[in-house]
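This report concerns only the one structure given below.
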Amino acid sequence: MSKPHSAEFFGEQRDYWWNHDFLDLMAVRWRLNEAASLADIGCGRCHWSRLWYPYLRKPARVAGVDREMRWVEEAGQILREAFPEAAPDTFDFQRGEATKIPLPDNAFDVVTCQTVLMHLAYPLDALREMLRILHPGGLLVCAEPNNFWNYLAMTSLTPDEPTEEVVRRFEFWLRHHRGRKAAGLGDHGIGDLLPGYFAELGVRDIQVHLNDRVSALYPPYELPEQKTMIRQEQEWMASPDGPWNRDELRRLMMLGGGTEKQFDRGFEGIKQRYQCEQSAINRKTFHAAYGSIHYLVSGRKR
């Protein structure tokens, strides 16, 4: 049986995505203490709503929607275990699509999602649905990345790489990125576009912030998040092609305008770089800041 959507991304590392003092600041900026209802769209295992719930005005209710029944079944249990003091009817989770949310109009003070729009062929349809279920004046917050940037980040290995190899890797992932969009699998750079989408839909008081958390890796790799990152990398390394599905990668790269020759050369280069990173980590010589571009785009319904 195939895994539910995003299962490979719901591991321990996701718990290290945000600094809590940064969320404290954002909660003040957004006046979350005035909100008593929240809808988490594409809720998964509630990594996002678990962080939000303590800031809401109590008694607060949380509704979650996800297309995967497994996450719907797990989500309520996870939140009830995290907040046992909450009333039994506080949390409500349903199966549904982000582009057809099974929740009523004008029903929530806050509607939010985390890394959901990036997977959708029609993200504007999802944003319209999220606005539909918001109260007038309610807060919409979308946490979405530009994941394409992650393929260009510099590491301790980059200075010794030939310029041509760095350029080939850039082209490889750019064509893969465009192939994903052509296949209707979403836009992993959607965070850059969200402020414009919000404006197009008439959202007011638009604000754009960047997550201040990075996943820096440096010897001797003793921090819990560093150990988690390395453990996940080692699990990926155990598969023949690392963390990639070669056939799917080829299909999407070709959809993005690549050639067989470009794919074969590019894929081998990516595997070799990945193996060099793992070898350097084992020698405790590898280091990288691993900054990412993860936006928080917010605004209020008119």
Side-chain angles (χ1 to χ4, degrees), residues 6 9-58 60 62 64 75 78-79 82-83 108-118 127 130 134 138-150 152-154 188-195 197-198 203-218 221-230 232 287-300:
S6 297
F9 302 115
F10 287 169
E12 294 178 69
Q13 192 175 1
R14 201 177 184 96
D15 291 326
Y16 297 109
W17 277 17
W18 301 91
N19 285 317
H20 288 272
D21 56 354
F22 174 76
L23 293 178
D24 291 344
L25 173 62
M26 295 310 303
V28 172
R29 287 173 169 170
W30 289 327
R31 308 194 311 274
L32 291 185
N33 63 339
E34 300 175 9
S37 57
L38 178 145
D40 184 2
I41 308 305
C43 60
R45 303 187 75 246
C46 294
H47 289 89
W48 195 219
S49 36
R50 263 184 284 165
L51 296 174
W52 282 65
Y53 183 72
Y55 298 111
L56 301 177
R57 176 167 54 85
K58 305 301 184 294
V62 175
I78 288 170
L79 276 192
F83 305 104
F108 294 91
D109 297 327
V110 181
V111 177
T112 187
C113 69
Q114 177 176 242
T115 60
V116 172
L117 300 175
M118 63 184 284
L127 287 171
M130 294 168 76
L134 258 182
L139 177 71
L140 174 64
V141 180
C142 299
E144 299 286 342
N146 175 345
N147 272 351
F148 182 55
W149 163 253
N150 296 343
L152 304 177
M154 304 292 106
H188 280 200
I190 195 171
D192 290 319
L193 305 178
L194 278 182
Y197 289 164
F198 274 42
V203 177
R204 65 176 177 84
D205 300 337
I206 298 170
Q207 297 182 8
V208 184
H209 298 88
L210 281 173
N211 183 358
D212 70 347
R213 184 67 181 257
V214 300
S215 301
L217 196 59
Y218 49 84
Y221 318 127
E222 292 181 340
L223 297 177
E225 56 264 44
Q226 293 176 334
K227 293 178 180 179
T228 297
M229 188 188 312
I230 291 172
Q232 180 171 295
H287 55 90
Y290 278 144
S292 61
I293 301 179
H294 196 171
Y295 296 98
L296 277 170
V297 183
S298 62
R300 294 193 178 270

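Residue numbers start at 1 and run along the sequence shown.
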Under the rule for side-chain contact (heavy atoms from CB on, under 4.5 Å), what residues qualify as partners of [X], not counting sequence neighbours?
X	answer
Ala75	Cys43, Cys46, Phe93
His287	Ser156, Tyr218, Pro219
Asp205	Arg300
Ala36	Arg57, Asp109

Interatomic spacing from [atom1] in [X] to [atom2] in [Y] - rounded to 0.5 Å:
X	Y	atom1	atom2	result
Leu51	Asp15	CG	CG	8.5 Å
Gln114	Ile41	CD	CD1	13.5 Å
Cys113	Leu140	SG	CG	7.5 Å

Apply ring-ring contact (aromatic ring centres under 6.0 Å, His included) to [X] and list each qualifying residue two or more places apart in sequence or on a separate chain.
X	value
Phe148	Phe170, His177
Tyr53	Phe83, Phe91
His294	Trp17, Trp18

For [X] and [Y], indicate whether the former's side chain and the latter's backbone hold a donor-acceptor pair under 3.5 Å.
X	Y	value
Gln207	Ser298	no
Gln232	Thr228	no
Glu144	Leu117	yes
Asn146	Trp149	yes

Practice task
Show the numbers, then the answer: is there a side chain to side chain contact (heavy atoms under 4.5 Å, CB included) between Thr115 and Arg14?
Solution key: CA-CA 11 Å; Thr115 60; Arg14 201 177 184 96; 3.0 Å; yes

Is [Y] close to [X] at the side-chain level, that is, under 4.5 Å between some pair of heavy atoms?
X	Y	value
Leu25	His209	no
Val62	Trp52	no
Trp30	Val110	no
Leu217	Ile230	yes
Val141	Leu296	yes
Leu32	Met26	no

Apply side chain to side chain donor-acceptor pair (under 3.5 Å) to [X] and list each qualifying residue two or more places apart in sequence or on a separate chain.
X	answer
Glu34	Arg31
Glu225	Arg213
Tyr55	Asp24
Trp48	Thr112

Problem - Residue pair Asp192 / Tyr295, side-chain donor-acceptor N/O under 3.5 Å - result: yes

Could you pull out the closest heavy-atom pair between [X] and [Y], with the gap in Å?
X	Y	value
Tyr16	Pro224	OH-CB, 3.4 Å
Leu194	Leu127	CD2-CD1, 4.1 Å
Asp40	Leu38	N-CD2, 3.9 Å
Met130	Cys142	CE-SG, 4.1 Å
Gln226	Tyr221	OE1-CA, 3.1 Å

